[in-house]
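Keep in mind it's a predicted model, so treat the numbers as computed, not measured. Just follow the structure's listing: the first ligand is 1, and inside any ligand the first atom is 1.
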Amino acid sequence: MSTDRIEAAIAELALHFGDRLSRNMSVRELHAHGEGYHAQHFPHAVVFAESTDEVSTALKICNAHRAPVIAFGGGTSLEGQLNAVAGGISVDLSRMTAVLEVNVGDLDCRVQAGVTRQALNAYLRDEGLFFPVDPGGEATIGGMCATRASGTGAVRYGTIRENVLGLTVVLADGRVMRVGRRVRKSAMGYDLTHLMIGSEGTLGLITEVQLRLHGIPEMMAAAVCQFETLADCVETAVQVMQMGVPIGRMELLDDVQMDACIAYSKLEGYRSVPTMFFEFAGGPASVREHIETVEAIVAENNGSAFQWSTQFEERAALWKARHAVYWACLAYRPGYTGISTDAVVPISALTDMILGAKSDIEASGITAPIVGHIGDGNFHTVMLVPPGADGIEKAHELDRKLIARALSLGGSASGEHGVGLAKMEFMADEHDEVALDIMRTIKKALDPNNILNPGKMLPPLAS
Ligand SMILES: Cc1cc2nc3c(=O)[nH]c(=O)nc-3n(C[C@H](O)[C@H](O)[C@H](O)COP(=O)(O)OP(=O)(O)OC[C@H]3O[C@@H](n4cnc5c(N)ncnc54)[C@H](O)[C@@H]3O)c2cc1C
């Protein structure tokens with residue numbers, strides 16, 4: 001990519017953005033990476049956009065000069081999505097934080113892309129509504145759309161994909177596209193809304209999002225249950241899903257992950273054994289019924305009695321500990337590099353997958369706690385690699401093994417963290433030639449000059 005073209009774009013952008021364009025090294029450094037372990041790649045400049053029009057202006061300029069553009073939301077992605085591998089301009093949308101409308105009667109709202117889920121939920125609380133997609137970090141709604149994120153609530157409420165009704169998107173040439181309507185369903189034309197979900201800034205920049213909302217349940221109760229074996233713990237999750245219990249949340253932590261969480265989040269009264277965190281939500285009668293069903297399944301699988309957290313503060317502390325597992329893992333081996341994995345399999349394959357993963361991890365000699373949004377068939381490890389020569393390569397070997405296992409069981413190489421740089425090598429394992437060809441055709445149609453997050457998502461064609 002020619003630096004002259006990028007410099008020409010920056011000169012023109014400076015006329016529009018003034019002091020909201022930065023070439024400061026520390027600002028560029030902050031925009032050179034996400035939260036993953038990848039070596040950083042600096043953009044040449046960062047612009048802070050405050051409206052759809054400004055994003056459109058930035059893209060018109062960058063497209064005219066063929067300068068790469070990397071959208072930046074909360075900076076929490078884990079797979080190298082933000083790295084400016086070809087340099088260029090980071091367009092930071094985190095200042096676009098307006099909640100534009102809330103339609104209480106229709107349970108929907110429209111927000112600018114830089115709103116975080118935490119800020120949105122604080123805004124909605126007095127309306128008795130909430131937005132359920134909850135990745136662990138301070139992610140933005142735009143970034144969550146771009147990575148097709150999910151979290152602990154997906155087992156009940158779906159991922160971001162199921163909770164987005166429409167989008168405003170700025171295309172590579174600066175045109176503004178509005179897709180989707182304020183309705184639960186529509187059969188009108190190609191589904192461009194969901195084409196953008198998971199496109200990681202390679203097809204357009206999302207500036208506004210129409211979201212589905214949900215009523216805050218009348219009753220919520222969280223429980224922890226511990227098991228002597230990982231097999232019993234996984235089998236419990238499988239049976240809960242197969243029985244069709246509409247569980248609020250269901251998260252698995254293996255013995256090593258529990259050990260890390262007990263130390264990091266000061267969880268008291270628990271042992272370092274395979275553990276399940278449950279949440280039940282709904283009206284009192286249905287919650288009671290779900291609890292009885294799950295308790296029976298747990299008992300059949302030799303689980304402990306439930307340890308209950310019914311008070312708001314206790315529940316919040318439990319889920320805060322769950323959301324902090326990544327940091328708990330990093331603190332478990334100070335100075336080590338943490339490399340997260342993110343595979344997903346059909347529910348019926350979970351036992352094979354998780355027990356197989358555990359034996360792969362043990363055979364590798366790498367410390368790698370397992371945690372899972374188990375009701376979705378999705379689990380992570382954070383492979384903890386000591387400083388030194390071949391640690392990262394050994395972790396990659398283990399990751400490849402886990403992904404090969406997931407794919408062989410009908411699963412996917414990423415449940416929620418996305419492709420970025422890290423998962424590009426698996427695109428051809430997961431998608432056939434025709435599918436990859438169609439993806440390349442779409443990319444070319446929407447971004448003919450390849451300015452949007454170049455070098456990501458689609459593996460280069462073999463020459
Ligand atoms: C502690 C921790 C826990 C996590 N837990 C989860 C989890 O449970 N579930 C989960 O799904 N993820 C999880 N993640 C990963 C991360 O939070 C998600 O990938 C999140 O959706 C990224 O959002 P972001 O705003 O930080 O995006 P960024 O990291 O800023 O960007 C991610 C990608 O999206 C693009 N992008 C950003 N904004 C836009 C936009 N407006 N328009 C177009 N493209 C855009 C960027 O160019 C980049 O390619 C976790 C991360 C951490 C650090």
Novice: Would you mind running through ligand 1 and noting each atom that sits below 4.0 Å from a heavy atom of Ala113?
Specialist: 41 (N)
Novice: Under 4.0 Å from ligand 1, counting heavy atoms only, is it the side chain of Thr152, its backbone, both or neither?
Specialist: neither
Novice: Would you say the side chains of Glu416 and Ser150 form a donor-acceptor pair under 3.5 Å?
Specialist: yes
Novice: Within the structure, does Glu35 bring an N/O atom to less than 3.5 angstrom of an N/O atom in ligand 1?
Specialist: no
Novice: State whether a side-chain donor-acceptor pair under 3.5 Å links Thr168 with Thr52.
Specialist: no
Novice: Could you go through the side-chain hydrogen bond (donor to acceptor under 3.5 Å, both in side chains) check for Glu7 and His65 one step at a time?
Specialist: CA-CA 9 Å; Glu7 291 300 333; His65 293 287; over 6 Å; no
Novice: What atoms of ligand 1 come closer than 4.0 angstrom to any heavy atom of His373?
Specialist: 8 (O)
Novice: Answer yes or no for Lys456: is there a heavy-atom contact with ligand 1 below 4.0 Å?
Specialist: no
Novice: Measure the spacing between NE2 of His373 and OG1 of Thr159 and express it to the nearest 0.5 Å.
Specialist: 11.0 Å
Novice: Around atom 50 (C) of ligand 1, find the nearest protein heavy atom and jot down its residue, atom name and distance.
Specialist: Leu78 CD1, 3.8 Å
Novice: Is the shortest N/O to N/O distance between Gly74 and ligand 1 below 3.5 Å?
Specialist: yes
Novice: Around atom 27 (O) of ligand 1, find the nearest protein heavy atom and jot down its residue, atom name and distance.
Specialist: Gly143 CA, 3.6 Å
Novice: Is ligand 1 less than 4.0 angstrom away from at least one heavy atom of Ser150?
Specialist: yes
Novice: If we only count N/O pairs under 3.5 Å, is Gly75 in contact with ligand 1?
Specialist: yes
Novice: Would you mind listing which atoms of ligand 1 come within a distance below 4.0 Å of any non-hydrogen atom of Met144?
Specialist: 21 (O), 23 (O)
Novice: Around atom 41 (N) of ligand 1, find the nearest protein heavy atom and jot down its residue, atom name and distance.
Specialist: Ile206 O, 2.8 Å
Novice: Looking at atom 48 (C) of ligand 1, what's its closest protein heavy atom, distance included?
Specialist: Gln81 CB, 3.5 Å
Novice: Show me, pair by pair, the donor-acceptor contacts under 3.5 angstrom made by side chains of residues 343-355, not counting sequence neighbours?
Specialist:
{"unit_1": "Thr351", "atom_1": "OG1", "unit_2": "Glu235", "atom_2": "OE1", "d": "3.3"}

Novice: What do you reckon, does Thr140 have a nitrogen or oxygen under 3.5 Å from a nitrogen or oxygen of ligand 1?
Specialist: yes
Novice: Is there a donor-acceptor contact under 3.5 Å linking the side chains of Ser26 and Asn24?
Specialist: yes
Novice: Got the closest protein heavy atom to atom 16 (C) of ligand 1, with its distance?
Specialist: Thr76 OG1, 3.2 Å
Novice: So, is Thr147 polar-close to ligand 1, with some N/O to N/O distance under 3.5 Å?
Specialist: yes
Novice: Starting from atom 31 (O) of ligand 1, locate the nearest protein heavy atom and write down its residue, its atom name and how far away it is, to 0.1 Å.
Specialist: Leu82 CD2, 3.7 Å
Novice: For Thr202 and Asn453, does a side-chain donor sit closer than 3.5 Å to a side-chain acceptor?
Specialist: no
Novice: Select one of side chain, backbone, both or neither to describe which atoms of Ala71 lie under 4.0 Å from any atom of ligand 1, heavy atoms only.
Specialist: both
Novice: Indicate whether any N or O donor in one side chain lies under 3.5 Å from an N or O acceptor in the other, for Asp173 and Asn63.
Specialist: no
Novice: Which atoms of ligand 1 are found less than 4.0 Å from any heavy atom of Trp327?
Specialist: 1 (C)
Novice: For Leu93, counting its heavy atoms only, list the atoms of ligand 1 lying under 4.0 Å from any of them.
Specialist: 41 (N)
Novice: Among protein heavy atoms, which lies nearest atom 29 (O) of ligand 1, and at what distance?
Specialist: Ser77 OG, 2.7 Å
Novice: Considering only heavy atoms of Leu205, which atoms of ligand 1 have at least one such atom less than 4.0 Å away?
Specialist: 42 (N), 43 (C)
Novice: Nearest non-hydrogen contact with atom 7 (C) of ligand 1 belongs to which option: Glu251, Arg148, Met457, Glu416?
Specialist: Glu416
Novice: Run the contact test for Gly204 against ligand 1 with a 4.0 Å cut-off on heavy atoms, strictly below, and give the result.
Specialist: yes
Novice: Kindly compute the distance separating CG (Leu195) from CG (Leu167), expressed to the nearest 0.5 Å.
Specialist: 10.0 Å
Novice: Quick one: do Arg249 and Asp134 satisfy salt bridge (charged side-chain N to carboxylate O under 4.0 Å, His left out)? Show the steps, please.
Specialist: CA-CA 11 Å; Arg249 309 192 209 191; Asp134 63 340; 3.6 Å; yes
Novice: Suppose I only count heavy atoms of Asn453 and a 4.0 Å limit; which atoms of ligand 1 are within that range?
Specialist: 47 (O), 49 (O)
Novice: State plainly whether the residues Arg212 and Asp108 are in salt-bridge range, i.e. N to O under 4.0 Å.
Specialist: no
Novice: Start with the C-alpha distance between Ser272 and Asp255, add both sets of side-chain angles, then the distance that settles side-chain hydrogen bond (donor to acceptor under 3.5 Å, both in side chains), and finish with yes or no.
Specialist: CA-CA 5 Å; Ser272 299; Asp255 53 340; over 6 Å; no
Novice: Should you measure from each heavy atom of Ala149, which atoms of ligand 1 turn up under 4.0 Å away?
Specialist: 11 (O), 21 (O)
Novice: Which atom pair, heavy atoms only, marks the closest approach of Thr341 to His380?
Specialist: O-ND1, 3.0 Å
Novice: Which of these, Gly114, Pro135, Ala84, has its nearest heavy atom closest to atom 13 (C) of ligand 1?
Specialist: Pro135
Novice: Would you check the N or O atoms of Gly137, main chain and side chain alike, for any that come under 3.5 Å of an N or O of ligand 1?
Specialist: no
Novice: According to the ring pair (Phe, Tyr, Trp, His ring centres under 6.0 Å) rule, which pairs have a member within residues 138-159, sequence neighbours left out?
Specialist: Phe130-Tyr157, Tyr157-His214
Novice: Any luck finding a side-chain donor-acceptor pair between Gln226 and Thr275 under 3.5 Å?
Specialist: yes
Novice: Heavy atom of Gly418 under 4.0 Å from ligand 1?
Specialist: no
Novice: Kindly assign one of parallel, tilted or perpendicular to the pair Phe277 and Trp319, based on the angle between their ring planes and the thresholds 30° and 60°.
Specialist: perpendicular
Novice: On the ring face of Phe48, is Arg95 found with NZ or CZ under 6.0 Å from the centre and within 45° of the axis?
Specialist: yes
Novice: List the closest protein heavy-atom neighbour of atom 3 (C) of ligand 1: residue, atom name, distance to the nearest 0.1 Å.
Specialist: Gly136 CA, 3.5 Å
